[in-house]
K.L.:
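Structure in structure tokens, see below.
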Amino acid sequence: MTHIKAKRSVLLLCGDYMEDSEAMVPFQALLAYGVAVDAVCPGKNAGDVCRTSVHEGSVHQTYSASHGHNFSLNATFDEIEAGNYDGLVIPGGRAPEYLAMNESVLDLVRKFSNAGKPIASICHGQLILAAADSVKGRKCTAYPPVGPVLIAAGAHWEEPETMSACVVDGNIITGATYEGHPEFIRLFVKALGGTVTGSGKRILFLCGDYMEDYEVTVPFQSLQALECHVDAVCPNKKAGDTCPTAIHDFEGDQTYSEKPGHNFTLTANFEDIDASNYDALVIPGGRAPEYLALNPTVLALVKEFMESRKPVASICHGQQILSAAGVLKGKKCTAYPAVKLNVVLSGGTWLEPDPIDRCFTDGNLVTGAAWPGHPEFISQLMALLDVKVQF
């Protein structure tokens, strides 16, 4: 594979129990757009992991928290130089509470702030900005309980009307929660000097209960950030309904572990879908494809996209649906290794995912093995859709 040197390089400031989506969505979206991203954590080295936390609205007076994916760092905190990066991203979650007490972290943030480089911080991440004295006189938003701290730090607090609110003041971009990722990421790309061409494409996501959390959320919000219209549907559900997701990860057992993920909100009614209104189809993996592959209406929808030669991007266990739909004959295809049997028996040509983040395009079909491959998966779909990020 030919690697083109990234034209922008950014730093992701991580810590144990940062919010799962608030770390991975910007990380993989920016990589997919051709931006180099180094993820670091004080006291940890490249190859170490940070535990993440899933924060979700609940019936209680505050959000619930549960264990998320393990996030792998790709750089060593003690070796980084702020001058080598064009911007900084700060996820929320619980990590900022203690990172805001770390003088090395605050010194790093001040270097970005004093240089006027873009800083994008979300949810509780603004605790770090406040501790670094980087918000004085600046308009900021955040998860509402962070408001008093920002006000005390001299910021002009902007109450988020919705949890997707984002605010820009100079080089500082702030967001309320991960619901605002599409605008949050789009504003950061713009601040880095990026422009998007080919936006406005219409893309359909085929969802189901216990689809893999990252495998729906990362591509969904990454494509929204490119100003594409993205709809998510699930059989027997309507716009506004939710699908629970599953977190699949490797934690030393013979197969992946499973934990509860976020609840994913659907945007359209399955029964109203007309494939002719969309430019592409995306099929997340997880456990949903096992039963979606038994649904004749789902299979007919997939066949319609494939027969019309529109881009179809499927990852991990999503290829169980492609196999059941009979659209893999003569197609080169990868998938999660346990799905190899489905691919081969349905007439597909198996491509070994080595390493696991490999993705492949054959004609109108993009296939990936697992969520670590999202940067390739999304960028290959972008290429088929002729959507580009240029710097």
Side-chain angles (χ1 to χ4, degrees), residues 182 198-209 211-212 215-224 226-243 264-286 288-333 335 339 342-343 346-348 359-368 377-387:
S199 59
K201 300 298 192 302
R202 295 178 59 86
I203 302 155
L204 184 65
F205 273 63
L206 184 54
C207 301
D209 288 346
M211 57 191 168
E212 211 286 329
E215 289 172 5
V216 62
T217 305
V218 175
F220 189 87
Q221 292 190 319
S222 297
L223 292 164
Q224 285 184 316
L226 299 174
E227 298 185 271
C228 292
H229 177 89
V230 191
D231 276 334
V233 296
C234 173
N236 303 315
K237 295 195 180 191
K238 297 179 180 179
D241 291 347
T242 61
C243 287
F264 184 88
T265 302
L266 304 167
T267 64
N269 302 338
F270 182 82
E271 287 75 13
D272 297 338
I273 289 302
D274 183 345
S276 66
N277 292 333
Y278 294 92
D279 300 298
L281 176 68
V282 177
I283 307 175
E290 293 180 351
Y291 72 88
L292 291 177
L294 305 178
N295 186 314
T297 307
V298 166
L299 302 184
L301 182 67
V302 171
K303 287 178 183 177
E304 188 172 351
F305 274 93
M306 287 295 290
E307 290 170 359
S308 63
R309 304 290 298 166
K310 292 180 178 180
V312 173
S314 183
I315 196 162
C316 198
H317 285 73
Q319 284 80 304
Q320 291 175 319
I321 297 174
L322 299 180
S323 173
V327 297
L328 289 181
K329 191 170 184 178
K331 283 285 190 181
K332 296 177 182 177
C333 176
V339 184
N342 302 66
V343 172
S346 63
C359 296
F360 300 93
T361 298
D362 183 1
N364 67 315
L365 180 63
V366 177
T367 53
F377 183 73
I378 295 164
S379 64
Q380 289 183 28
L381 176 59
M382 287 169 59
L384 291 182
L385 289 168
D386 197 27
V387 178

K.L.:
Tell me if a side-chain donor or acceptor on Glu212 pairs with a main-chain N or O of Gly285 at a distance below 3.5 Å.
P.N.:
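A pair under 3.5 Å: no.
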K.L.:
Using 0.5 Å steps for rounding, measure from the CG atom of Asp272 to the NZ atom of Lys238.
P.N.:
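The distance works out to 9.0 Å.
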K.L.:
Roughly how far, to the nearest 0.5 Å, is SG of Cys234 from CG of Leu292?
P.N.:
6.5 Å
K.L.:
Within this structure, what is the NZ-NZ distance for the pair Lys310 and Lys201, rounded to the nearest 0.5 Å?
P.N.:
12.5 Å
K.L.:
Report yes if the side chains of Ile321 and Leu299 come closer than 4.5 Å at any heavy-atom pair, otherwise no.
P.N.:
yes
K.L.:
For residues Val282 and Phe220, determine if any side-chain heavy atom of one lies less than 4.5 Å from a side-chain heavy atom of the other.
P.N.:
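Side chain of Val282 against side chain of Phe220, heavy atoms only: no contact under 4.5 Å found.
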K.L.:
Looking at every heavy atom in both Phe305 and Ala275, which two are closest together, and how far apart are they?
P.N.:
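In terms of heavy atoms, the two residues are closest at CE1-CB, 3.6 Å.
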K.L.:
Any sub-3.5 Å donor-acceptor pair from Gln380's side-chain atoms to Val366's backbone N or O?
P.N.:
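No; judged by distance alone, with no hydrogens or angles, the pair does not exist.
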K.L.:
Taking salt bridge (Lys or Arg N to Asp or Glu O under 4.0 Å) as the test, write out the residues that go with Asp274, two or more places apart.
P.N.:
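In terms of salt bridge (Lys or Arg N to Asp or Glu O under 4.0 Å), with neighbours along the sequence ignored, Asp274 is linked to no residue.
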K.L.:
Side chain of Ser346, backbone of Leu328: donor and acceptor closer than 3.5 Å?
P.N.:
no
K.L.:
Does any part of the side chain of Cys207, heavy atoms only, come nearer than 4.5 Å to the side chain of Val216, both counted from C-beta?
P.N.:
yes
K.L.:
Under a 4.5 Å cut-off applied to non-hydrogen side-chain atoms, are Asn236 and Phe270 in contact?
P.N.:
no
K.L.:
Evaluate Val218 against Phe377 for side-chain contact (heavy atoms from CB on, under 4.5 Å), listing each step before the verdict.
P.N.:
CA-CA 11 Å; Val218 175; Phe377 183 73; over 6 Å; no
K.L.:
Tell me every residue that passes salt bridge (Lys or Arg N to Asp or Glu O under 4.0 Å) with Lys237, counting only those two or more places apart in sequence or in another chain.
P.N.:
Asp209
K.L.:
Measure the spacing between CG of Leu381 and CD1 of Ile203 and express it to the nearest 0.5 Å.
P.N.:
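Going from the CG atom of Leu381 to the CD1 atom of Ile203 covers 6.0 Å.
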K.L.:
Any idea which heavy atoms bring Met211 and Ala288 closest together, and the distance?
P.N.:
N-CB, 3.8 Å
K.L.:
Is any side-chain heavy atom of Thr267 closer than 4.5 Å to a side-chain heavy atom of Val230?
P.N.:
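Contact flag for Thr267/Val230 side chains = no.
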K.L.:
Where do Asp362 and Gly330 come nearest, in terms of heavy atoms and distance?
P.N.:
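Heavy atoms only, the tightest pair is OD2-O, 4.2 Å.
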K.L.:
Of the non-hydrogen atoms in Gln319 and Ser314, which two are nearest, and what is the gap between them?
P.N.:
OE1-OG, 2.9 Å
K.L.:
Do Leu365 and Leu322 touch side chain to side chain, with heavy atoms closer than 4.5 Å?
P.N.:
yes
K.L.:
Please report the interatomic distance CG(Leu384) to OG(Ser379), rounded to the nearest 0.5 Å.
P.N.:
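Nearest 0.5 Å value for the CG-OG distance: 10.0 Å.
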K.L.:
Please report the shortest heavy-atom distance between Pro284 and Pro289, naming the atom on each side.
P.N.:
O-CG, 3.6 Å
K.L.:
So, for Phe264 and Thr217, which heavy atoms are closest and what is the spacing to 0.1 Å?
P.N.:
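The answer is CD1-OG1, 4.0 Å.
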K.L.:
Can you confirm whether Leu266 sits close enough to Cys243 that some side-chain heavy atom of one is under 4.5 Å from a side-chain heavy atom of the other?
P.N.:
yes
K.L.:
Which value, rounded to the nearest 0.5 Å, describes the distance between Ile273 atom CD1 and Leu204 atom CG?
P.N.:
5.0 Å
K.L.:
Can you check whether Pro311 reaches Leu385 side chain to side chain, under 4.5 Å on heavy atoms?
P.N.:
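Yes; the side chains approach each other to less than 4.5 Å.
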